[in-house]
Amino acid sequence: MGDMADPPEAAAAGAKQKEKQKHKNKKKAATVDESELLTVPDGWKEPAFTREDNPKGLLEESSFATLFPKYREAYLKECWPLVQKALDEHYVNATLDLIEGSMTVTTTKKTFDPYAIIRARDLIKLLARSVPFEQAVRILQDDVACDIIKIGSLVRKRDTFIKRRGRLLGPKGSTLKALELLTNCYIMVQGNTVSALGPFSGLKEVRKVVLDTMKNIHPIYNIKTLMIKRELAKDPELRSQSWERFLPKFKRKNLKKRKEPKKKNTKKEYTPFPPPQPESQIDKELASGEYFLKERQKKRKRMEEIKAKQADATKKRQEERNKAFIPPKEKPVVKTKKASTEKKVDIEAIKEKVKNAKKKKLGALPVEQVKLKMAADEKKKKKK
């Protein structure tokens with residue numbers, strides 16, 4: 001009995017083995033299902049939120065209100081019955097106050113979806129930002145979200161802001177249309193905001209493009225990247241790989257370089273000591289010894305200096321005048337060699353020409369030779 005292990009020790013060893021086995025199984029599952037967890041199956045959709053999910057409804061009433069500009073009053077007045085009808089399906093009340101210029105949405109006792117009030121709030125926000133009702137009502141769907149991007153404070157100068165906002169629209173709205181097709185979003189540029197409506201992935205791209213445009217990056221670069229991504233997404237093999245090697249990398253080019261000034265102001269080295277005091281006129285006279293001269297001698301010296309300056313000036317003036325009388329240097333005449341008119345005569349070539357001329361017989365051919373020639377010509381014709 002002494003050789004056998006105790007019952008508690010054997011139980012502990014068995015538990016350890018079981019834990020190890022569980023840990024191994026978990027590792028295997030993680031390695032196998034990792035790729036499957038990353039991808040969402042095609043055609044998968046989240047189930048809709050129904051009254052069965054929240055049968056007792058909401059505990060408290062919640063409401064949201066937003067102001068709208070004066071120019072939207074006429075349109076909202078027309079489409080408000082349609083807004084109320086769309087929100088009644090989700091048991092949310094909507095009121096339009098034309099005196100205050102505001103829209104309010106509130107939950108009721110029948111409201112069962114807690115997120116319905118958030119969607120209703122987004123709906124009135126979009127209507128206030130000039131989004132048409134046909135597009136704004138899509139926010140009540142589960143797979144649609146909205147994003148209102150404020151761009152008014154991103155650029156300082158008003159002229160620059162208008163120019164960049166126009167760049168986002170493009171010629172005849174072509175850039176905005178291309179962006180809508182690539183992101184599957186509805187985009188509305190109005191005043192100081194950009195309203196976007198669509199799937200979450202598309203809204204993320206729209207925000208990036210809008211902010212980059214306001215930072216002076218042309219939207220065509222981002223559109224080109226989105227087009228490449230769209231093509232790459234079709235390939236199932238590239239789904240789990242990095243796309244960095246396919247995407248274009250645009251570098252900024254500083255075309256206008258700052259011109260360097262001709263005169264560069266270089267700062268002198270700092271010294272704690274003050275600059276030396278400039279010499280006065282008396283100090284200069286003492287140094288040259290002029291201070292000790294008499295008044296007559298000083299006057300004579302000044303006159304001599306004046307006369308010396310005058311002499312130099314007259315000399316320079318005379319030199320300038322004499323320049324007109326100095327003849328210019330003429331170029332040396334180069335004598336051209338006369339071409340030799342005498343040519344060497346080739347006597348041997350002339351002799352050969354004379355011999356050839358003698359051999360040729362002048363006049364008509366004899367009658368016999370003419371007959372032979374005609375017979376030969378007829379034979380050739382028959383052969384052909």
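- Panel note: side chain R121, backbone V105; no donor-acceptor pair is recorded below 3.5 Å.
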Name each donor-acceptor pair under 3.5 Å that joins a side chain in residues 170-187 to protein atoms two or more places apart or in another chain, with its distance.
residue, atom, partner, partner atom, Å
S174, OG, P171, O, 3.0
E180, OE2, I187, N, 3.2
T183, OG1, L179, O, 2.6

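- Interatomic distance, K85 NZ to E89 CD, rounded to the nearest 0.5 Å: 7.5 Å.
- Smallest separation of non-hydrogen atoms from W80 and I124: CH2-CG2, 4.5 Å.
- Residues D147 and R207 come closest through the heavy atom pair OD2-NE, 2.9 Å.
- Side-chain heavy atoms closer than 4.5 Å link hydrophobic residues (I, L, V, M, F, W, Y) into clusters, and following such links, possibly through other members, connects L211 to V194.
- When hydrophobic side chains of Ile, Leu, Val, Met, Phe, Trp and Tyr are connected at separations under 4.5 Å, V333 ends up as a singleton with no cluster partners.
- Screening residues 200-227 for ring-ring contact (aromatic ring centres under 6.0 Å, His included) gives Y221-F250 as the qualifying pairs, with residues at least two apart or on separate chains.
- Checked options T108, D113, T107; the residue passing with T111 is T108 (criterion: side chain to side chain donor-acceptor pair (under 3.5 Å)).
- For Y291 (side chain) and D283 (main-chain N/O), no donor-acceptor pair under 3.5 Å exists by modelled atom type.
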Practice task
Would you check, one step at a time, whether the test side-chain hydrogen bond (donor to acceptor under 3.5 Å, both in side chains) holds for T225 with N222?
Solution key: CA-CA 5 Å; T225 308; N222 285 311; 5.1 Å; no
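- With salt bridges taken as basic N to acidic carboxylate O contacts below 4.0 Å, one links R119 and D142.
- The closest donor-acceptor contact from the side chain of R165 to the backbone of G191 lies under 3.5 Å.
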Exercise for the section: Go through the steps to decide whether R317 and N322 satisfy the test side-chain hydrogen bond (donor to acceptor under 3.5 Å, both in side chains), and finish with yes or no. Expected result: CA-CA 9 Å; R317 209 178 297 121; N322 292 337; over 6 Å; no
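- Rounding to the nearest 0.5 Å gives a distance of 12.0 Å between CG of L232 and CE of M227.
- Judged purely by atom type and a 3.5 angstrom limit, Q318 has no side-chain atom pairing as donor or acceptor with the backbone of K315.
- Here S63 contributes atom OG and I117 contributes atom CD1; the two are 7.0 Å apart, rounded to the nearest 0.5 Å.
- Remark: K70 engages E73 in a salt bridge, criterion side-chain N to carboxylate O under 4.0 Å.
- Looking only at distances, no side-chain donor or acceptor of D312 sits under 3.5 Å from a matching main-chain atom of K309.
- Here E320 pairs with K323 in a salt bridge; the nearest charged N to carboxylate O distance falls below 4.0 Å.
- V206 and I139 sit in two unconnected hydrophobic clusters of ILVMFWY residues. Membership requires side-chain heavy atoms under 4.5 Å apart, directly or through other members.
- The pair K208-D212 meets the salt-bridge criterion, with a side-chain N (NZ, NE, NH1 or NH2) lying under 4.0 Å from an Asp/Glu carboxylate O.
- Closest heavy-atom contact between R129 and S195: CB-OG, 3.5 Å.
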